[in-house]
Amino acid sequence: DQQVKQNSPSLSVQEGRISILNCDYTNSMFDYFLWYKKYPAEGPTFLISISSIKDKNEDGRFTVFLNKSAKHLSLHIVPSQPGDSAVYFCAARGLTGGGNKLTFGTGTQLKVEL
Amino acid sequence: NAGVTQTPKFRILKIGQSMTLQCAQDMNHNYMYWYRQDPGMGLKLIYYSVGAGITDKGEVPNGYNVSRSTTEDFPLRLELAAPSQTSVYFCASRNPRLADGETQYFGPGTRLLVL
């Protein structure tokens, strides 16, 4: 049962354009969402997050939008740069259980082309 | 700060062998986690710890054991390696008392191949 879904395994965008990565979730108990970026042979690195009490969070070129009614979030990267080419994981935190565990999506491979 | 470190980077095991994946962090984080990532999949939580002496199972704990005797170290033990344990293993940590307390910081990973 995949509670966090990233339905696009890959995305190709031209440099300077907007990249939009999508994530859907099924568990209404998720209250905090994070995006991680991962380069090959490295661990994931934190990119941006959003609490369920907000619908938008912005950090430089990165903006995350949350639509709670649709159980959908998206990551916008504007403008896209070649160094943004990586795998992007969406993660969600549930309110139940200890340790504030994260549930990860399967990732979207973003390729930014010159 | 070195952050989260993991050793070894890569290991080949024969079926039935055992090994310990090492994880250490120097950020004084009390929460630590072990994940595995299979090709084309997201990260799955194996075990986690909320402090020294306290560990708990995650989503996929079978075939693994952990211990947490210090704040800094969180080793993952494979007792009888099986081909299904071929994966990339990531350790992570966080401190919920900090401003970025929800953020987990990851190590570089250990690639394990069981033949």
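Put simply, B:Leu76 and B:Leu13 are part of the same group of oily side chains (I, L, V, M, F, W, Y) that touch within less than 4.5 Å, one to the next. A:Ile20 and A:Phe62 are members of different hydrophobic clusters when ILVMFWY side chains are connected at heavy-atom separations under 4.5 Å. Criterion: ILVMFWY side-chain heavy atoms under 4.5 Å apart, direct or through other members. Under it, A:Val13 and A:Trp35 are part of a common hydrophobic cluster.
Interface summary for chain B: among A:Pro44, A:Pro9, A:Ala91, the most heavy-atom pairs under 4.5 angstrom belong to A:Pro44.
Closest approach of B:Thr103 to A:Leu34, counting heavy atoms only: CA-CD2, 4.2 Å. Taking every heavy atom of both residues into account, B:Tyr35 and A:Leu102 meet most closely at OH-CB, 4.0 Å.
Remark: side-chain polar atoms of A:Tyr36 are paired, donor with acceptor, to backbone N or O of B:Gln104 under 3.5 angstrom.
The part of B:Leu45 that comes within reach of chain A is its side chain, from C-beta onward, which places non-hydrogen atoms under 4.5 angstrom from that chain. Contacts between B:Gln6 and chain A at a heavy-atom distance below 4.5 Å are absent for every atom of the residue.
B:Phe90 places a side-chain heavy atom less than 4.5 Å from the side chain of A:Lys38.
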Practice task
Could you give me the CA-CA distance, side-chain angles and deciding distance for B:Gln37 and A:Phe89, then say whether side-chain contact (heavy atoms from CB on, under 4.5 Å) is met?
Solution key: CA-CA 12 Å; B:Gln37 186 194 9; A:Phe89 289 99; 3.2 Å; yes
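To the nearest 0.5 Å, atom NZ of residue A:Lys101 and atom CD of residue B:Glu59 are 10.0 Å apart. A distance of 12.5 Å separates OG1 in A:Thr106 from CG in B:Asp38, rounded to the nearest 0.5 Å.
Within a 6.0 Å radius of CZ in B:Arg77, more than 12 heavy atoms belonging to other residues, nucleotides or ligands are found.
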